[in-house]
Amino acid sequence: MTVTTQELLLSRIRDVPDYPKPGVLFKDITPLLADPAAFTALTETLAELCVRHGATKIVGLEARGFILAAPVAVRAGIGFIPVRKAGKLPGATLSQAYELEYGTAEIEVHAEDLAAGDRVMVIDDVLATGGTAEASLELIRRAGAEVAGVAVLMELGFLAGRQRLEAALRGAPLEALITL
């Protein structure tokens, strides 16, 4: 990725102070998605990472991860698998609970969408505390697939998600296009 791509992406991310609550500086990616040049640059950069790491499938994490992962899968010529919040997928699913700051949450994937021999790249917009990404890695492995890596548009370094994910990655790469 060239510095100009990183600068382009960063220039299209809008800061929204005090959202969703006072004291939080929300990073809004909708201006990036609305800019065809920036969205294309993001899609191509993520697709290149998937190809470089030998991914055969892409998992997108609900909800903004879907927006990024689906065009990346098309561009890279590989399958897209949605990982959803519990209760949103019909049919047989694998589920994984994980810890939140206050309480727990659960994500699911269709059991038949991943199999032995698949190399799966997880894509999301932001790596914050790492809980959802960590749970997705567990789901991928429980389905018998291998983790090719995790790729995110932004990593919020001050929330230590990378440190939380280190053991769960088991040597797979974690690629953040922008670290804040």
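Source: prediction; values computed, not measured.
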Apply side-chain contact (heavy atoms from CB on, under 4.5 Å) to residues Glu44 and Arg75 and explain how you reach the verdict.
CA-CA 7 Å; Glu44 289 180 358; Arg75 179 74 178 97; 3.7 Å; yes
Intermediate values then yes/no, side-chain contact (heavy atoms from CB on, under 4.5 Å), Val122 and Leu137:
CA-CA 8 Å; Val122 176; Leu137 299 178; 4.0 Å; yes
Go through it in stages, so that I can follow the logic: the residues are Ile29 and Arg64, the test is side-chain contact (heavy atoms from CB on, under 4.5 Å), and I'd like the CA-CA distance, side-chain angles, deciding distance and then a yes or no.
CA-CA 9 Å; Ile29 67 166; Arg64 289 181 302 265; 4.2 Å; yes
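More than 12 heavy atoms of other residues, nucleotides or ligands sit less than 6.0 Å from atom CZ of Arg141.
Between Leu33 and Leu68 the shortest side-chain heavy-atom distance falls below 4.5 Å. Two residues are said to be in side-chain contact when any heavy atoms from C-beta on lie closer than 4.5 Å; Val152 and Asp125 fail this criterion. Here the side chains of Val24 and Pro20 are in contact, with some heavy-atom distance below 4.5 Å. Using a 4.5 Å cut-off on side-chain heavy atoms (C-beta onward), Glu155 and Val126 make no contact. In this structure, Leu139 and Val83 have side chains that are in contact, with non-hydrogen atoms separated by less than 4.5 Å. Side-chain contact check for Ile178 versus Leu9: some heavy-atom pair is nearer than 4.5 Å. Two residues are said to be in side-chain contact when any heavy atoms from C-beta on lie closer than 4.5 Å; Pro31 and Ile13 fail this criterion. Contact annotation: the side chain of Leu32 approaches that of Leu153 to within less than 4.5 Å [non-hydrogen atoms, C-beta and beyond].
Salt bridge present: Asp15 and Lys27 bring a charged side-chain N and a carboxylate O closer than 4.0 Å. The pair Glu134-Arg164 meets the salt-bridge criterion, since a charged nitrogen lies less than 4.0 angstrom from a carboxylate oxygen.
Minimum heavy-atom separation, Leu114 to Ala145: CB-CB, 4.4 Å. Considering all non-hydrogen atoms of both residues, Ile78 and Cys50 come closest at CD1-CB, 4.3 Å. In terms of heavy-atom proximity, Gly130 sits nearest to Leu165 at O-CD2, 3.7 Å. Closest of all the heavy-atom pairs between Ala151 and Leu49 is CB-CD1, 4.2 Å. Closest approach of Arg119 to Gly54, counting heavy atoms only: NE-O, 3.2 Å. Closest non-hydrogen pair, Thr56 versus Gly117, comes out as OG1-O, 4.3 Å.
Listed for the Ser11 side chain is a donor-acceptor partner under 3.5 Å among the backbone atoms of Leu8. Judged purely by atom type and a 3.5 angstrom limit, Asp118 has no side-chain atom pairing as donor or acceptor with the backbone of Val120. Although no hydrogens or angles enter the test, the distance criterion places no donor-acceptor pair under 3.5 Å between the side chain of Thr129 and the main chain of Gly161. In this structure, the side chain of Glu62 engages the main chain of Lys85 through a donor-acceptor pair within 3.5 Å. Side-chain atoms of Lys57 come within 3.5 Å of backbone atoms of Asp113 as a donor-acceptor pair (strictly under, hydrogens ignored).
Interatomic distance, OG of Ser136 versus CG of Leu61, reported as 4.5 Å (0.5 Å rounding). Separating the OG1 atom in Thr43 from the CD atom in Glu48 is a distance of 11.0 Å, to the nearest 0.5 Å. Taking CG of Leu156 as the reference point, atom CZ of Arg162 lies at 12.0 Å (rounded to 0.5 Å).
Scored by the side chain to side chain contact (heavy atoms under 4.5 Å, CB included) test, Glu112 finds His110 as partners (sequence neighbours excluded). Evaluation of the salt bridge (Lys or Arg N to Asp or Glu O under 4.0 Å) rule for Arg14 yields Asp28 as partners, not counting sequence neighbours.
Under the 4.5 Å side-chain contact rule for hydrophobic residues, Phe158 and Tyr19 do not share a cluster. Cluster membership for Leu10 and Val16, using ILVMFWY side-chain heavy atoms within less than 4.5 angstrom, is not shared. Criterion: ILVMFWY side-chain heavy atoms under 4.5 Å apart, direct or through other members. Under it, Phe39 and Phe80 are not part of a common hydrophobic cluster. One hydrophobic cluster, built from ILVMFWY side chains closer than 4.5 Å, cannot hold both Phe66 and Met121; they sit in different ones. Both Leu177 and Val72 sit in one connected hydrophobic cluster of ILVMFWY residues. Membership requires side-chain heavy atoms under 4.5 Å apart, directly or through other members.
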Taking only distance into account, with no hydrogens and no angle test, what donor-acceptor pairs under 3.5 Å do side-chain atoms of residues 166-176 form with protein atoms, sequence neighbours excluded?
residue	atom	partner	partner atom	Å
Glu175	OE2	His53	NE2	2.9

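Counted by atom type alone, Tyr98 and Thr104 present zero donor-acceptor pairs between their side chains at under 3.5 Å. Residues Glu108 and Ser95 bring no donor and acceptor atom of their side chains to less than 3.5 Å of each other.
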